[in-house]
Structures are given as structure tokens and as C-alpha cells.
Amino acid sequence: ESQEQGMRTLGAIMAGNGKPAPGLEYRARRKDGSTFPITIYTDPIVRNDRVVGARGIIIDISGQKHAEEILQDRERVLSVLISNLPGFVYRCNNDRAWTTIYLSEGCRAITGYSPEDFLGNRIVSYNDIIRPDHRERLWQKWQALLGRREVFEDEYPVITKSGETRWVWERGQGYFSEDGQLQFLEG
């Protein structure tokens with residue numbers, strides 16, 4: 001299959017389209033018969049406005065593919081762990097709305113809202129569901145702890161989508177760049 005795909009690409013170059021082929025992935029075969037992933041970049045050789053050949057670069061991408069598999073496995077493990085938590089995890093901006101960047105599916109069981117409802121304050125901001133008499137206190141506490149780079153921990157009431165009051169326990173912290181700039185909050 002890879003050989004056929006490669007021949008079609010080379011044929012298109014030689015037929016005169018005169019355009020370089022983007023990096024395409026193929027399977028190459030070693031002398032021992034085993035295969036490995038490669039990327040081939042090809043470029044036509046043009047003389048007198050006519051394609052007379054092709055030149056290319058072949059790159060063994062076995063290491064890249066192995067790293068991708070490890071990353072996919074880690075993402076799967078993390079997804080399973082997060083989905084089994086009796087709560088939810090978040091990443092948000094340090095603004096008065098607590099603008100959500102990421103929210104796990106567990107928020108639905110607690111708040112009645114889907115994660116997508118919160119993302120970028122699409123339908124509701126996280127601050128909107130915090131009972132109003134706790135909003136300022138929580139903001140001030142977060143700001144003080146961020147200034148000292150300490151972990152935030154508190155219990156407070158939220159108003160669910162159905163209007164019910166539920167108490168939640170939150171634990172989070174700021175994520176800072178190498179130069180000390182606050183990037184977002186996670187918990």
C-alpha cells in the first residue's frame with residue numbers, strides 16, 4: 001500500500017505538476033523484512049521547463065512515532081483517572097469570571113452544566129454559579145495565596161443549573177511560567 005502511494009506521488013511529480021510533494025508517511029522495509037515508519041519529502045528536478053527527475057529526503061520517524069504512542073497512552077491514563085474522580089478538575093484564568101480553559105466531565109454531575117457550557121464563559125462562567133455572598137471572599141483569598149504561591153483550599157456553595165445549592169470543596173494552585181508570570185489556575 002505504501003509503495004503504491006509512493007509511486008502515485010512520484011508519478012504526479014514526473015507527470016509535470018512541478019510541485020514539491022509534502023512530507024508523506026510510508027512504511028519502509030528493512031533487509032530482514034521488518035518495517036518502520038518514514039516520511040518522504042520530494043521535489044521535482046526541472047530543466048528547460050520540463051520535469052526530468054525527482055530528488056527526495058527520507059527520514060526515519062520511528063522515534064517520533066514511539067514518542068506519540070507514549071503520549072497517547074499517557075493521555076488515555078490521565079483521561080481514565082480524571083473520569084474516575086468524584087468531582088472535576090479545571091484550568092481557568094485568574095479573572096473575576098474564572099474564565100474556564102478546561103473542565104472535566106465530572107462538573108456535570110455536580111453543577112448540572114456540561115464542560116462546554118463553561119468553556120470561555122460560553123453559557124455560564126464559574127463565578128456565575130458561586131453563591132454571590134462568597135464570590136469576593138474567594139477572589140481575595142485566591143489573590144493572597146497566589147502572591148505567596150501557596151495552594152488554595154476552601155469550601156463554598158454553588159448554585160446548580162436546576163437552582164439547587166451544593167457545597168463544593170476546591171483545592172488548586174497557580175501555574176507560573178519560568179519567568180514568574182501567572183499563566184492560569186489549576187485544581
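Values reported hereafter were calculated over all heavy atoms of this structure, with side chains retained and with hydrogens, waters and symmetry mates removed. This is a predicted model, so every value here is computed, not measured.
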Minimum side-chain heavy-atom gap Lys65-Glu25 below 4.5 Å: yes
Quiz item: Are His134 and Trp167 an aromatic pair by the rule of ring centers under 6.0 Å?
Solution: yes
Close side-chain approach of Asn127 to Arg135, heavy-atom, < 4.5 Å
yes
Exercise for the section: Tell me yes or no: between the side chains of Arg27 and Thr35, is some donor less than 3.5 Å from an acceptor? Expected result: yes
CG (Leu24) and OG1 (Thr42) are apart, to the nearest 0.5 Å, by 7.0 Å
* **Pair Asp32 + Arg30: basic N to acidic O under 4.0 Å** => no
**Item:** Arg148 atom CZ, over 12 foreign heavy atoms within 6.0 Å
**Value:** yes
**Item:** Minimum side-chain heavy-atom gap Ser34-Arg29 below 4.5 Å
**Value:** no
Non-hydrogen side-chain atoms of Leu185 and Leu146 separated by less than 4.5 Å
yes
* Asked: Are any of the side-chain heavy atoms of Leu103 and Glu116 separated by less than 4.5 Å?
  -> no
- Item | Lys NZ or Arg CZ of Arg91 over Tyr102 ring: under 6.0 Å, within 45° | no
May I ask you to check whether Gln143 and Asn94 show a side-chain donor-acceptor distance below 3.5 Å?
-> yes
Taking side chain as C-beta onward, heavy atoms only, is Pro37 less than 4.5 Å from Ile61? yes
Interatomic distance, CG@Asp117 vs CZ@Arg122, rounded to 0.5 Å, equals 6.0 Å
dist Leu138:CG -> Asp133:CG (nearest 0.5 Å) comes out at 9.5 Å
Worksheet item: Regarding Arg131 and the six-membered ring of Tyr156, is the cationic atom NZ or CZ under 6.0 Å from the ring centre and inside 45° of its axis?
Response: no
Self-check item: Parallel, tilted or perpendicular: ring planes of Phe118 versus Tyr126, cut at 30 and 60 degrees
Solution: tilted
Margin query: When you compare the side chains of Tyr90 and Glu170, does any donor N or O come within less than 3.5 Å of an acceptor on the partner?
Written below: yes
Donor on one side chain, acceptor on other, Ser177 and Asp179, under 3.5 Å: yes
Rounded to the nearest 0.5 Å, the CD1 atom of Ile70 sits from the CD atom of Glu75 at a distance of 12.5 Å
*Regarding Glu136 and Gln140, is there a side-chain donor-to-acceptor distance under 3.5 Å anywhere?*
yes
Between Asn121 and Ser125, the two heavy atoms sitting closest are OD1-CB, 3.2 Å
| request: Group every Ile, Leu, Val, Met, Phe, Trp and Tyr by side-chain heavy-atom contacts under 4.5 Å, then state whether Leu145 and Trp139 land in the same group. | output: yes
Check: Are the side chains of Phe176 and Gln183 in touch, meaning some heavy atoms are under 4.5 Å apart?
Finding: no
Hey, are the side chains of Ile129 and Thr160 touching, using non-hydrogen atoms and a 4.5 Å cut-off? no
Thr99 and Gly120 have their tightest heavy-atom pair at CG2-CA, 3.9 Å
In short, Cys92 meets Phe184 closest at the heavy-atom pair O-CB, 3.1 Å
Hits for side chain to side chain contact (heavy atoms under 4.5 Å, CB included) against Arg171, two or more places apart or cross-chain, chain-then-number order -> Val151, Glu153, Trp169
request  = Decide, yes or no, whether a salt bridge links Arg137 with Asp154 under the criterion of side-chain N to carboxylate O below 4.0 Å.
outcome  = yes
Value for CG (Leu182) from OH (Tyr175), rounded to nearest 0.5 Å, stands at 11.0 Å
